[in-house]
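Every value quoted in this text rests on a predicted model; they were computed, and no experiment measured them. All chains are named by letter (A, B, ...) in the order of the sequence lines, taking the proteins before the strands, and each is independently numbered beginning at 1.
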There are 2 protein chains.
Amino acid sequence: MASMLLSRQLTCSVQQNCRLFVPGCRSISQAAAKIDVDFDYDGPLMKTEVPGPRSRELMKQLNGIQNAESVHFFCNYNESRGNYLVDVDGNRMLDLYSQISSLPIGYSHPALVKLVQQPQNVGTFINRPALGVFPPENFPEKLKESLLSVAPKGLSQIVTMSCGSCSNENAFKTIFIWYRNKERGHTGATKEELETCMINQYPGCPDYSILSFMGAFHGRTMGCLATTHSKAIHKLDIPSFDWPIAPFPRLKYPLEEFVKENQQEEARCLEEVEDLIVKYRKKKKTVAGIVVEPIQSEGGDNHASDDFFKKLRDIARKHGCAFLVDEVQTGGGCTGKFWAHEHWGLDDPADVMTFSKKMMTGGFFHKEEFRPNAPFRIFNTWLGDPSKNLLIAEVINVIKREDLLSNVTHAGKALLTGLLDLQARYPHLISRARGRGTFCSFDAPDETIRNKLILEARNKGVVLGGCGDKSIRFRPTLVFRDHHAHLFLNIFSDILADFK
Amino acid sequence: MASMLLSRQLTCSVQQNCRLFVPGCRSISQAAAKIDVDFDYDGPLMKTEVPGPRSRELMKQLNGIQNAESVHFFCNYNESRGNYLVDVDGNRMLDLYSQISSLPIGYSHPALVKLVQQPQNVGTFINRPALGVFPPENFPEKLKESLLSVAPKGLSQIVTMSCGSCSNENAFKTIFIWYRNKERGHTGATKEELETCMINQYPGCPDYSILSFMGAFHGRTMGCLATTHSKAIHKLDIPSFDWPIAPFPRLKYPLEEFVKENQQEEARCLEEVEDLIVKYRKKKKTVAGIVVEPIQSEGGDNHASDDFFKKLRDIARKHGCAFLVDEVQTGGGCTGKFWAHEHWGLDDPADVMTFSKKMMTGGFFHKEEFRPNAPFRIFNTWLGDPSKNLLIAEVINVIKREDLLSNVTHAGKALLTGLLDLQARYPHLISRARGRGTFCSFDAPDETIRNKLILEARNKGVVLGGCGDKSIRFRPTLVFRDHHAHLFLNIFSDILADFK
């Protein structure tokens, strides 16, 4: 690990940006930094503008074999560690986007390095089984040790999948099967149902629906896409289902000044949810389930109150619809609880909850009542990947051992406090600063300024991501500490001061 | 690797079954065995019936947290190697099903062991990137070295995905986008299209369709499922699309006796394809693409002639539909060519071809004309996994270095010849023996007998898989040799002789 012995010096340009923004934060930073000293860097180090010449060269190569216009830059993952992503031109950036929120405990975490290097784990990386028919000996134990150890309350059953879209697709299917069984009184399917489903027709394929919200993102496969409504580019030209779409609350900020307006807004949205359920039931497109993100992420980091979600859960129960919480982006600890919906304090748990990204494997938890009544109904060749189970088991160990949920709460407070302060100083550039844990965001005045802010931050050594029309979202890993927040705030404060 | 030094002795019960079935095959076996001597076993070794007590205990445990009725038995992957799968009760079985056809070069291949153990590869296993935005430096090079080095003729573009269903879903989406662009004259989308797509409505979400065949299996997400018609259990209770479904030829065997009938059957199916395209266009559910497997796998190993596929390709071109070949199960060399559709000798290549399973990563190749006209349209968080690219690159090296495609052709001939011989001797138990490479199968008289044959084979040390209503499919890895074929044939011959 000679490559870990790296220069701790910051370049001049970045050093200039590292003035103390909050009095006293430097001492906090240094204390906190010791925890990660083995594998984190001290700060950004920029050598070229980003993308640099090597990235541009590689973009051209990649663009010859696929549309590579979405690529920001190429990375050197062997040199990346902790909170820092190193690109192929040698630029080292504080990464607050963490692979679209999918990196749980930073780059090259020593615990994971060790795991891959253990000889007894080699077989798991190369002999990927079809888990539904030939699972490895440690499969039940590994599930209990990892995913089930963080299962949301009341959800005792688990299915692993490969990605977020497959998790949501299979959660939808689980809900449809549950609903239909309930409707037919838990008897076997009729001959007519068995025959008509083979040709995509009713009654074998009932015209059920999943209710979703405007602004939601639940994935890009066709079932998921019918519930995704964040950007046209995702949906344009793709056939879809006529499924109900409710408005998601558009809260006014600061929240304490608009209590009444926001309550009214949430009540309006909930009323429309009920109206849609009734309307779709009448037109025989029965709503079998409601799907919702605890924070609409891709759609612009839209929040609603805990009360809104509790009432939504009540509506689902009242109308006999399943209540599905999509924690693909919010799950894994980034809001300060392992699952964001645990903040709500539901009396009756969600029925199904999906995850992916930070969990390294996709999948979903569900109540026992949602268990498929026969094998092979929720199934595919791989059903996840034991090598990812191995990684997530160790990630969960690290989260527990290092008390990373408390860290997220703490670092998130530093980040949000700093954002609110910047908002007070630069109200023409920053509005609606909001967040839970480190899952923070703010709005720029428009898309152009938002994108310019992201580019300027990148060239100063900070990777940020956009969402919605004009928001910037923070998605650091769970090893993001107070001092990283202050480092970012210092850099960004300078950008805002000079912004033209 | 002390654990590799294993007993080469066969148990008595299996030895009894290892009589020479084809004169002289023992010497062939021994010669061929030397190639894999480092990592293959000599033969099955059975200690208990399968599932054994340990497997049953684990099944009970797993069944507490998910429906585990599909599990056959639990495995010890550290002890499994080459063509042999070892279960948790110490039974060593010749594996002719290879994880539902997803294991390319056998268990614990030394080349892959070495790959995982190389320190420079550790980072790739633990720092999974969002490939569409932050790819690693070697991404274009790795794609060229691996997947693109086996690209089907004329298909220069590649997109990686996580699994077969996601590959097909995204291939469908690529086709819809292509078709719509063609239809709108390659101009930008209208304001109305951009707005209506957000609420799943026409014209933003056009009512396009993909034509599929009865008996097909293309996956289980909702887009894929609308084109899957192999078993009711996959489709029951799931809402679907009204998309056209054509009959797939049902060939009569032996082929040489039913030339005329089979030609007529294929002509009938092709005629129905054209009728459906016209019919669906009239009802404004335009067929944007046709999807077909070179051999319908899950649906019962249904073959059609090369001529059928050539004519189908012509029909697609004539009507302006994309021609999508689903090689998720047939790809990766098991038919003796890298892609099964290369047997057809098409003048005009397929437009899109999907893969997964043996390729370790999902994905699809396509013609340049099908390239999405903007970034983020075909996209998701991970877009595959560089650690799987690393593995498949090495798998392809092994395939080339060891000339495994020739091996498959050779071993497949031994297997099919043996099956035809058994069919002649036991016509009341075996019919319609068929295959290409080692991708072979036969029909049992009915489902009950088929399932009983699979169980008996398993208890004699051979893992087989079923497909369709009453077929047994052979899906060995690419390192399956002549002597494995003879070993299986000997064992199976005894089972058939004693079958009651």
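The six-membered or imidazole ring of B:Phe125 lies near that of A:Phe125, with a centre-to-centre distance under 6.0 Å. Aromatic rings from B:Phe73 and A:Phe134 are positioned such that their centres are separated by under 6.0 Å.
The closest donor-acceptor contact from the side chain of A:Asn200 to the backbone of B:Asp242 lies at 3.5 Å or more, if one exists at all. In this structure, the side chain of A:Gln157 engages the main chain of B:Gly64 through a donor-acceptor pair within 3.5 Å. The backbone N or O of A:Phe176 sits nowhere less than 3.5 Å from a side-chain atom of B:Asp237 that would complete a donor-acceptor pair. A donor-acceptor pair is defined here as one N or O able to donate and one able to accept, closer than 3.5 Å; such a pair exists between the side chain of A:Gln66 and the backbone of B:Ile158.
Counting heavy-atom pairs closer than 4.5 Å to chain B, the top residue among A:Cys166, A:Ser55, A:Ala374 is A:Ala374. If you tally non-hydrogen atom pairs under 4.5 Å between each of B:Thr124, B:Ile199, B:Val122 and chain A, the highest count goes to B:Val122. Among A:Gly204, A:Pro375, A:Cys163, the residue with the largest count of heavy-atom pairs under 4.5 Å with chain B is A:Pro375. Chain B forms more heavy-atom pairs under 4.5 Å with one residue of A:Arg128, A:Glu183, A:His109 than with any other, namely A:Arg128. Of the listed residues (A:Arg180, A:Met214, A:His234, A:His72), the greatest number of heavy-atom pairs within a distance under 4.5 Å of chain B belongs to A:His72. Between chain A and the residues B:Ala130, B:Ser387, B:Pro135, the most heavy-atom pairs under 4.5 angstrom are made by B:Pro135.
Heavy-atom distances place the side chain of A:Leu148, and not its backbone, under 4.5 Å from chain B. Heavy atoms of A:Phe365 lying under 4.5 Å from chain B are absent altogether. Proximity to chain B (any heavy atom under 4.5 Å) is restricted, for A:Ser156, to the backbone atoms N, CA, C and O. With a 4.5 Å cut-off on non-hydrogen atoms, A:Glu368 does not touch chain B at all. For chain B, the nearby parts of A:Ile233 are the backbone and the side chain; heavy atoms of each come within less than 4.5 Å. At a 4.5 Å heavy-atom cutoff, the contact between A:Lys144 and chain B is made by side-chain atoms alone. Using a 4.5 Å cut-off between heavy atoms, A:Ile65 touches chain B through backbone and side chain atoms alike. Interface remark: B:Leu391 contributes side-chain atoms only to the contact with chain A (heavy atom separation under 4.5 Å). Contact annotation for A:Phe379: both backbone and side-chain heavy atoms come within less than 4.5 Å of a heavy atom of chain B. Of the atoms belonging to A:Met161, not a single heavy atom falls under 4.5 Å from chain B. In this structure, the portion of A:Val463 lying under 4.5 Å from any heavy atom of chain B is its side chain and not its backbone. Within the 4.5 angstrom heavy-atom criterion, no atom of A:Leu115 approaches chain B. Interface remark: A:His366 contributes no atoms to any contact with chain B (heavy atom separation under 4.5 Å). Only the backbone of A:Ser230 has a heavy atom closer than 4.5 Å to any heavy atom of chain B. Only the side chain of A:Asp385 comes within contact range of chain B, judged by heavy atoms closer than 4.5 Å.
Within 6.0 Å of CD on A:Glu69 lie more than 12 heavy atoms contributed by other residues, nucleotides or ligands.
Taking each heavy atom of B:Val133 and A:Ser70 in turn, the nearest pair found is CG1-O, 3.2 Å. Residues B:Leu236 and A:Ala189 approach most closely at CD2-CB, 3.6 Å, considering heavy atoms. Closest heavy-atom contact between A:Trp382 and B:Ser162: CZ3-O, 3.7 Å. Taking every heavy atom of both residues into account, A:Glu169 and B:Met222 meet most closely at OE1-N, 2.7 Å. Contact record, B:Arg220 with A:Arg377: NH1-O, 3.5 Å, taken as the closest heavy-atom pair. For the pair A:Ile238 and B:Pro206, the tightest heavy-atom approach, listed with the atom from each and the gap, is N-CD, 4.0 Å.
Residues B:Lys173 and A:Leu225 meet the side-chain proximity criterion, which asks for heavy atoms closer than 4.5 Å.
For the residue pair B:Asn63 and A:Arg371, a side-chain donor N or O sits within less than 3.5 Å of a side-chain acceptor on the partner. Looking only at atom types and distance, the side chain of A:Ser80 has no donor-acceptor partner in the side chain of B:Asn127 under 3.5 Å away.
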